[in-house]
Every structure is written in C-alpha cells, then in structure tokens.
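Written out below as structure tokens is the structure these notes cover.
It should be emphasised that the depicted structure is a prediction, and the values quoted were computed from it without experimental measurement.
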Amino acid sequence: AKAQALGVAHNLKPLEQVLEGPMLQQWLTRAEDVKSHGWAWEYQLNSLSIDKVESLSESRAMVEATLTEVAILKDRARTEEDDRYE
C-alpha cells in the first residue's frame, strides 16, 4: 500500500484498505506531499516478520509487523544521485 501511494502511480486506495484513523491521515498527507513535489519512492522489502495478530471481528484484524526495506527517492527535477535509506 505504501509503495503504491508514494510510488509513481500515487494510488491512495490501498492505504485506505489497510489503515484507519490518524495513521491513515498521516500517510495520506505524506502521499499528497510526495505527489505535489513530483517525487516517487521505490521500495525493496528486505525482511518481514509478523509480531502480533489480534482479531477485531470476523473481517478485521490488527497486525503488528517489523520490516526492513530499502527506499529510493526519485526526483525528476534533480540530476544528482537519488536519495535512499535502508
């Protein structure tokens, strides 16, 4: 969801399917900021572990997970090397 919202497509729908409340608003704001600057993030998942799953209802659950990733910021206006973090 994050890769789609902050990536080239700037597709916010997946965020709305996995987040809610203040966390959803925080990521929607970030995605709009990235889009308004003409940026896009590319992500590569290195590892993922599920730490906790709590059933909220038959169709909803809360999941706590730990992940590591590499992210590269693509800025079409810059000629320098792209920003990245791991």
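Annotation for Gln26: atom CD counts as buried by contact number, over 12 foreign heavy atoms lying within 6.0 Å.
Of all the heavy atoms in Lys2 and Glu69, the pair that sits closest is NZ-OE2, 2.6 Å. Across all non-hydrogen atoms, the minimal contact from Val34 to Leu6 is CG1-O, 3.8 Å.
Partner Leu48 forms a side-chain contact (heavy atoms from CB on, under 4.5 Å) with one of Thr68, Leu67, Thr66 and no other, that one being Leu67.
Annotation: the span from Glu20 atom CD to Gln25 atom CD amounts to 13.0 Å, rounded to 0.5 Å. Atom CD of Glu64 is separated from atom CD of Glu54 by 8.0 Å, given to the nearest 0.5 angstrom.
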In residues 11-18, what donor-acceptor pairs under 3.5 Å come from side-chain atoms, sequence neighbours left out?
from  : atom 1 : to    : atom 2 : distance (Å)
Asn11 : OD1    : Lys13 : N      : 3.2

Side-chain atoms of residues 36-43: list all donor-acceptor pairs with protein atoms under 3.5 Å, sequence neighbours left out, distances to 0.1 Å.
from  : atom 1 : to    : atom 2 : distance (Å)
Ser36 : OG     : Glu32 : O      : 3.4
Ser36 : OG     : Asp33 : O      : 2.9
His37 : ND1    : Asp33 : O      : 2.8
His37 : ND1    : Asp33 : OD1    : 3.3
Trp39 : NE1    : Asp75 : OD2    : 3.2

